[in-house]
Amino acid sequence: MSTSPTISFIGAGNMASAIIGGMLDNGFQADKIWVSAPDDNHLQSIRKRFGISVTTDNRYCAQQADMVVLAVKPQVMAEVCQDIAPVVQNTRPLMVSIAAGLTADTLDEWLGGGLPLVRVMPNTPSLVGKGAAGLYANSQVKDKQKKMVQAVFESIGSALWVEDENLLHAVTALSGSGPAYFFLMLEALESAATEAGIAPETARELAIQTMAGAAEMAGRSEHDPAQLKRNVMSPGGTTEQAIHTFEDGGLRELVKKAYGAAFKRSQEMSKELAKKQ
Ligand SMILES: NC(=O)c1ccc[n+]([C@@H]2O[C@H](COP(=O)([O-])OP(=O)(O)OC[C@H]3O[C@@H](n4cnc5c(N)ncnc54)[C@H](OP(=O)(O)O)[C@@H]3O)[C@@H](O)[C@H]2O)c1
């Protein structure tokens, strides 16, 4: 008999589907995965797609699990948690929330208190198996449970722990909002190259492949990004001209300012969310 954990998802949207798809690609067993959501038609299509078990009953779904992933929008989280609280207080699974802004203490209170709880800040590239997630565990979480949740999120990309919950704001400003920073760079490069006469589709493909290639190199190389950049810059060459233009234009300061603005907004949104509950 298998000893692999049973994992239940409350919410069957984009993130839950992406995580489940990644888990199945990485050897998790379909018969150990449950998902619940209100719309039975949608659940039946998920069941057909993944071969997992589905139910419209959140309590029943939670009851099956060693680990419950709360994959609903923050606005409905209080109602969902309070509904399943009597069940999870009895079975005491590891609770995992992927909702931005809702603190571990708030979630724990809604769930009746004293449960092991992990907060995860995933990002949209998770939807294509290339996510980058920051994870925070409260003091009730055991090492074995940390390994379990890490394995789940590594099936859709990278999963890295932070020791202080407040650092999830720093993660939000980095990898949470980060895909949009690189999309902006793609837009700007594509537009500059198109103005220089390259066909828009060609410019886009060259820019995307360049970004993907640079990311792959940075991930695999023993050199830091500064060295990798220097390796492309031959003295008096074209890259040097472009990099000097970026530096003289204050790109580093601008990135710091943009990062700070996202960080601050993440803190504000968390406070706004707490007030609304
Ligand atoms: N998408 C991302 O890239 C991303 C990144 C970081 C964090 N997140 C967080 O991940 C969470 C899920 O996001 P998502 O993009 O997957 O949202 P989504 O696609 O809207 O999915 C939400 C799911 O929750 C279901 N739901 C609604 N009310 C419910 C209830 N009372 N009980 C059970 N299920 C219920 C919805 O069902 P119906 O559709 O039938 O209403 C839907 O299946 C959010 O908290 C979001 O902040 C998402």
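As the structure lists them, so they are numbered: ligands from 1, and atoms in each ligand from 1. Being a predicted model, the structure only gives us computed values, none of them experimental.
Residue Asn58 touches ligand 1 through its side chain alone, judged by heavy-atom distances below 4.0 Å. With a 4.0 Å cut-off on non-hydrogen atoms, Ala99 touches ligand 1 through its backbone as well as its side chain.
In terms of polar-atom proximity, Ala12 is counted as a contact of ligand 1, with an N or O under 3.5 Å from an N or O of the ligand. For Leu127, no nitrogen or oxygen atom sits less than 3.5 Å from a nitrogen or oxygen atom of ligand 1, counting backbone and side chain alike. Below 3.5 Å of separation, one finds an N or O of Val72 facing an N or O of ligand 1.
The closest heavy-atom contact to atom 25 (C) of ligand 1, among the options Ser97, Ala133, Gly11, comes from Gly11.
Of all protein heavy atoms, the one lying nearest to atom 7 (C) of ligand 1 is Ile98 O, 3.3 Å. Remark: minimum distance from atom 48 (C) of ligand 1 to any protein heavy atom is reached at Met15 CG, 3.3 Å. The closest protein non-hydrogen atom to atom 21 (O) of ligand 1 is Gly13 CA, 3.2 Å. The protein heavy-atom contact nearest to atom 19 (O) of ligand 1 is Asn14 N, 3.0 Å. Closest protein heavy atom to atom 6 (C) of ligand 1: Pro122 O, 3.3 Å.
Judged by distance alone, the side chain of Gln145 and the main-chain N or O of Lys142 form a donor-acceptor pair under 3.5 Å. The closest donor-acceptor contact from the side chain of Asn123 to the backbone of Gly131 lies at 3.5 Å or more, if one exists at all.
Tyr136 and Leu111 fall into different hydrophobic clusters, where Ile, Leu, Val, Met, Phe, Trp and Tyr side chains are chained together by heavy-atom contacts under 4.5 Å.
Remark: ligand 1 atoms within the under-4.0 Å shell around heavy atoms of Pro74 are 45 (O), 47 (O). Those atoms of ligand 1 with a heavy atom of Asp39 less than 4.0 angstrom away are 40 (O). Atoms of ligand 1 found under 4.0 Å from any heavy atom of Ala37 (numbered from 1 in listed order, with element): 33 (C), 34 (N). When each atom of ligand 1 is checked for a heavy atom of Ala71 under 4.0 Å away, the hits are 12 (C), 22 (C), 23 (C), 24 (O).
Inside a 4.0 Å radius of atom 31 (N) of ligand 1 there is at least one protein heavy atom.
Ion pair Glu272/Arg265 flagged as a salt bridge, since at least one NZ, NE, NH1 or NH2 atom sits closer than 4.0 Å to an Asp/Glu carboxylate oxygen.
Gln44 has its side chain out of reach of Asn41: every pair of non-hydrogen atoms, C-beta onward, lies at least 4.5 Å apart.
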